[in-house]
Peer 1: 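Following this message is one structure expressed as structure tokens.
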Amino acid sequence: ASVNGVVFRDDAGIFTGIRNRLKNYYPERVRLLKIAQNTTMLGQAAQYNLSRCLERGDLVSAALERDQAVRCALHLVYLLNGAFAPHDKWMRTGIKDLPILSAVGEQLEEIARLPITEKQKLTEKLEVICLAVLEEIKKQGIVTGQSTFLPDYAAAFSYRAGLYDQSMDELAESISKMEFEAFDKVQNEGGRADCQDDWETFHIMRKSQYLSWPKELLVQYVMDFQAALSDGRNMITEKYARMMESTVPWEYEALKEKLPYIPDGKKAIVNEIVKIQVEWMENFAKEYPGLARNARRIHTSEDVPWDTSYETYLRGELLTYSDTLLMMYGRFIVSLAQAGNNLAYIIMEHTVHMYGYETLSEAEQKENDSTK
């Protein structure tokens with residue numbers, strides 16, 4: 001109620017301030033739980049209960065199930081658009097101008113005109129809506145899977161919500177362990193690499209990165225990583241394979257057809273993100289040259305078969321991201337740039353803290369002293 005309609009006068013600006021905060025919408029965990037609830041209830045009503053009620057001739061219960069399905073479908077349209085649902089009497093009208101799933105309104109009107117006894121037509125039309133909702137949920141990267149029965153995704157929703165209940169440290173820690181398990185399975189051309197047995201360094205480098213991300217980005221990464229493993233893909237293997245295009249191009253030619261196809265548009269987005277982060281790393285190296293000496297070389301032009309640059313490593317990593325994750329990460333990078341922040345500094349601050357230093361300056365001084 002407070003985010004709809006026109007404010008004619010608010011001299012103190014108090015109400016407008018509250019309204020603008022509410023317009024930021026639900027916290028992502030809350031939106032997720034609401035999507036989970038309405039998706040499961042839609043499936044129960046439309047894909048199961050309605051037909052069962054009609055089979056036993058219980059028209060009243062069938063009408064309740066149909067109405068439940070309609071209500072849940074409308075709520076899901078708003079939730080998937082990131083918009084608050086109005087009062088029931090305005091719910092149908094309110095979705096007309098929404099960019100996502102607005103066609104559901106016309107489909108629901110067709111359902112509303114059907115007699116409750118039209119079992120086949122009702123169930124078929126509701127199934128179309130269920131599949132459209134499921135497709136959008138998958139498109140937004142919320143769940144993955146092959147089932148078309150909506151309640152089958154309850155466990156996936158529960159798992160994702162549970163990730164939001166973890167602290168940032170717990171999430172970053174669990175992601176580091178998840179990646180190291182996958183890293184352990186990477187098959188190298190010349191045999192097992194020494195770094196595959198160096199958990200301590202791997203742990204610090206990866207956890208430092210993930211402590212710098214917002215929680216919703218960490219949750220999406222976990223979901224994507226687990227989905228890839230379920231599909232028989234190892235994102236760590238793919239990352240290192242893509243780096244080979246620069247470091248050992250003659251070997252990359254032999255395996256590139258085995259990697260997932262990346263459209264040119266996605267490559268262009270990755271390159272724009274990489275450009276920003278390379279500049280950040282260059283700025284960091286100018287201020288902290290001692291710490292920078294212990295990091296990767298910065299530019300792809302500096303790649304050699306035994307030493308991959310920061311730029312090439314980052315590009316390889318981003319190319320493994322799903323479209324959803326890449327868009328989220330891109331928005332994160334842009335928001336940092338607009339605020340005048342530098343992710344390289346943020347990550348390195350976490351890194352030196354994990355090595356026992358209070359500040360970047362202290363770690364830099366220690367590094368300079370050790371090289372004298």
Side-chain angles (χ1 to χ4, degrees), residues 24-36 82 137-145 153 155-183 199 201-231 233-239 269-270 273-274 276-277 280 313-339 341-354:
N24 288 329
Y25 206 55
Y26 299 118
E28 182 58 18
R29 181 180 182 278
V30 175
R31 185 181 85 108
L32 171 66
L33 291 172
K34 286 179 174 289
I35 291 172
I137 289 173
K138 290 181 178 181
K139 183 179 178 181
Q140 293 191 18
I142 297 172
V143 296
T144 60
Y153 293 90
F157 281 119
S158 177
Y159 176 71
R160 188 179 182 114
L163 293 175
Y164 278 100
D165 290 334
Q166 294 184 33
S167 68
M168 289 292 294
D169 188 80
E170 289 170 334
L171 261 178
E173 182 72 21
S174 62
I175 291 173
S176 301
K177 292 177 179 177
M178 176 182 71
E179 285 190 327
F180 194 68
E181 289 179 9
F183 185 40
W199 160 248
T201 302
F202 183 95
H203 176 232
I204 291 175
M205 295 299 105
R206 301 307 289 173
K207 188 172 181 178
S208 297
Q209 173 176 311
Y210 296 125
L211 286 172
S212 308
W213 285 16
K215 179 174 281 191
E216 59 268 20
L217 198 54
L218 296 179
V219 170
Q220 188 62 48
Y221 182 69
V222 172
M223 297 299 292
D224 284 0
F225 202 94
Q226 295 290 355
L229 290 175
S230 297
D231 291 339
R233 292 173 46 221
N234 184 330
M235 289 173 64
I236 306 298
T237 297
E238 291 179 12
K239 172 174 66 176
I269 293 171
V270 167
I273 295 172
V274 169
I276 295 172
Q277 292 195 239
W280 281 343
Y313 187 96
L314 177 62
R315 183 179 292 109
E317 185 156 286
L318 296 182
L319 287 172
T320 69
Y321 289 1
S322 68
D323 292 347
T324 299
L325 181 62
L326 184 62
M327 290 298 102
M328 292 174 67
Y329 185 80
R331 288 193 291 268
F332 168 55
I333 294 300
V334 170
S335 68
L336 287 175
Q338 290 175 339
N341 295 320
N342 182 328
L343 185 59
Y345 282 78
I346 298 170
I347 292 174
M348 288 301 293
E349 283 176 346
H350 286 300
T351 302
V352 299
H353 290 162
M354 292 183 71

Peer 1: Under the side-chain hydrogen bond (donor to acceptor under 3.5 Å, both in side chains) test, which residues partner Ser176, sequence neighbours left out?
Peer 2: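 So Ser176 forms no side-chain hydrogen bond (donor to acceptor under 3.5 Å, both in side chains) with any residue.
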
Peer 1: Please report the closest heavy-atom contact between Ser212 and Ile347, naming both atoms and the distance.
Peer 2: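 Smallest heavy-atom distance, with atoms named: OG-CG1, 3.3 Å.
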
Peer 1: What distance do Thr201 atom OG1 and Arg206 atom CZ have between them, rounded to the nearest 0.5 Å?
Peer 2: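 With rounding to 0.5 Å, OG1 (Thr201) is 13.0 Å from CZ (Arg206).
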
Peer 1: With a 4.5 Å cut-off on side-chain heavy atoms, are Met327 and Ile269 touching?
Peer 2: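 Answer yes - side chains close enough.
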
Peer 1: Mind listing the closest non-hydrogen atom pair of Ile142 and Met223 along with its distance?
Peer 2: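 The pair with the smallest heavy-atom distance is O-CE, 3.7 Å.
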
Peer 1: Taking it one step at a time, do Met348 and Thr351 satisfy side-chain contact (heavy atoms from CB on, under 4.5 Å)?
Peer 2: CA-CA 5 Å; Met348 288 301 293; Thr351 302; 4.3 Å; yes

Peer 1: With heavy-atom distances below 4.5 Å as the criterion, would you say the side chains of Val334 and Ile273 are in contact?
Peer 2: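 They are not in side-chain contact.
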
Peer 1: Within the structure provided, determine whether Thr144 and Ser230 are in side-chain contact (heavy-atom separation under 4.5 Å).
Peer 2: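 No - every pair of side-chain heavy atoms lies 4.5 Å or more apart.
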
Peer 1: Side-chain contact, heavy-atom cut-off 4.5 Å: Thr324 with Gln140?
Peer 2: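 Thr324 does not reach Gln140 side chain to side chain.
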
Peer 1: Which distance, rounded to the nearest 0.5 Å, do you find between the CD of Glu173 and the CD of Glu170?
Peer 2: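 That separation rounds to 9.5 Å.
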
Peer 1: Do Phe183 and Thr237 come close enough that some side-chain heavy atom pair is under 4.5 Å?
Peer 2: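 They are not in contact (no side-chain heavy atoms under 4.5 Å apart), so the answer is no.
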
Peer 1: How long is the span from the CH2 atom in Trp280 to the CG atom in Leu336, to the nearest 0.5 Å?
Peer 2: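 Answer rounded to 0.5 Å: 5.0 Å.
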
Peer 1: With rounding to the nearest 0.5 Å, note down the distance linking CD in Gln277 to CD1 in Ile333.
Peer 2: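 Here the interatomic distance stands at 4.0 Å.
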
Peer 1: What closest approach, in Å, do Ala182 and Asn234 show between heavy atoms, and which atom pair accounts for it?
Peer 2: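 Looks like O-ND2, 3.0 Å.
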
Peer 1: The criterion is side-chain contact (heavy atoms from CB on, under 4.5 Å); which residues satisfy it with Met354, sequence neighbours excluded?
Peer 2: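 Met354 satisfies side-chain contact (heavy atoms from CB on, under 4.5 Å) with His203, Ile204, Lys207, Ser208 once adjacent residues are dropped.
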
Peer 1: Is the Trp213 ring parallel, tilted or perpendicular to the Tyr221 ring (thresholds 30°, 60°)?
Peer 2: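 Correct class here is perpendicular.
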
Peer 1: For Tyr159, enumerate each residue passing the ring-ring contact (aromatic ring centres under 6.0 Å, His included) test, keeping only those at least two apart in sequence or located in another chain.
Peer 2: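 By the ring-ring contact (aromatic ring centres under 6.0 Å, His included) rule, Tyr159 matches no residue at all.
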
Peer 1: Contact between Phe157 and Ile35 at the side-chain level, heavy atoms closer than 4.5 Å - yes or no?
Peer 2: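 Side-chain contact under 4.5 Å: yes.
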
Peer 1: So Ile137 and Tyr153, do their side chains get closer than 4.5 Å, heavy atoms only?
Peer 2: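 In short, these two side chains do not touch, never coming nearer than 4.5 Å.
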
Peer 1: Taking salt bridge (Lys or Arg N to Asp or Glu O under 4.0 Å) as the definition, give me every residue that meets it alongside Lys239, ordered by chain and number, with sequence neighbours left out.
Peer 2: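 For Lys239 the salt bridge (Lys or Arg N to Asp or Glu O under 4.0 Å) partners, ignoring immediate neighbours, are Glu317.
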
Peer 1: Looking at Gln220 and Gly141, would you say the former's side chain and the latter's main chain have a donor-acceptor pair under 3.5 Å?
Peer 2: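 Here the side-chain-to-backbone pair exists.
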
Peer 1: Tell me every residue that passes salt bridge (Lys or Arg N to Asp or Glu O under 4.0 Å) with Arg29, counting only those two or more places apart in sequence or in another chain.
Peer 2: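 Per chain and number, Arg29 pairs via salt bridge (Lys or Arg N to Asp or Glu O under 4.0 Å) with Asp165.
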
Peer 1: Quick one: closest heavy-atom pair of Met168 and Tyr210, and the distance?
Peer 2: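 Nearest heavy atoms, Met168 then Tyr210: CE-O, 4.1 Å.
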
Peer 1: Is there a side-chain contact (heavy atoms from CB on, under 4.5 Å) between Phe225 and Arg233 once you walk through the steps?
Peer 2: CA-CA 9 Å; Phe225 202 94; Arg233 292 173 46 221; over 6 Å; no

Peer 1: At their closest point, which heavy atom of Leu211 faces which heavy atom of Ala172, and how far apart are they?
Peer 2: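 Smallest interatomic distance, heavy atoms only, reads CD2-CB, 3.8 Å.
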
Peer 1: Do Val143 and Arg160 touch side chain to side chain, with heavy atoms closer than 4.5 Å?
Peer 2: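 Answer no - side chains too far apart.
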
Peer 1: Of the non-hydrogen atoms in Leu326 and Leu318, which two are nearest, and what is the gap between them?
Peer 2: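 Nearest heavy atoms, Leu326 then Leu318: CD1-O, 4.2 Å.
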
Peer 1: Is there a side-chain contact (heavy atoms from CB on, under 4.5 Å) between Gln226 and Met178? Walk through the geometry before answering.
Peer 2: CA-CA 9 Å; Gln226 295 290 355; Met178 176 182 71; 3.5 Å; yes

Peer 1: Decide whether a cation-pi geometry holds between Lys215 and Tyr164; the criteria are a distance under 6.0 Å from NZ or CZ to the six-membered ring centre and an angle within 45° of the ring axis.
Peer 2: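 Judged by the rule (NZ or CZ under 6.0 Å from the ring centre, within 45° of its axis), Lys215 is not positioned above Tyr164.
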
Peer 1: Mind checking side-chain hydrogen bond (donor to acceptor under 3.5 Å, both in side chains) for His350 and listing every partner two or more places apart, or none if nothing turns up?
Peer 2: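 His350: no side-chain hydrogen bond (donor to acceptor under 3.5 Å, both in side chains) contacts found.
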
Peer 1: To the nearest 0.5 Å, what is the distance between OH on Tyr345 and CG on Leu343?
Peer 2: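 Between Tyr345 OH and Leu343 CG, I get 12.5 Å after rounding to 0.5 Å.
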
Peer 1: Distance from Met328 atom CE to Leu218 atom CG, nearest 0.5 Å?
Peer 2: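 One finds 9.0 Å between CE of Met328 and CG of Leu218.
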
Peer 1: Show, in sequence, the C-alpha distance, side-chain angles and deciding distance for Leu217 and Leu325, and conclude whether the side-chain contact (heavy atoms from CB on, under 4.5 Å) test is met.
Peer 2: CA-CA 7 Å; Leu217 198 54; Leu325 181 62; 3.6 Å; yes

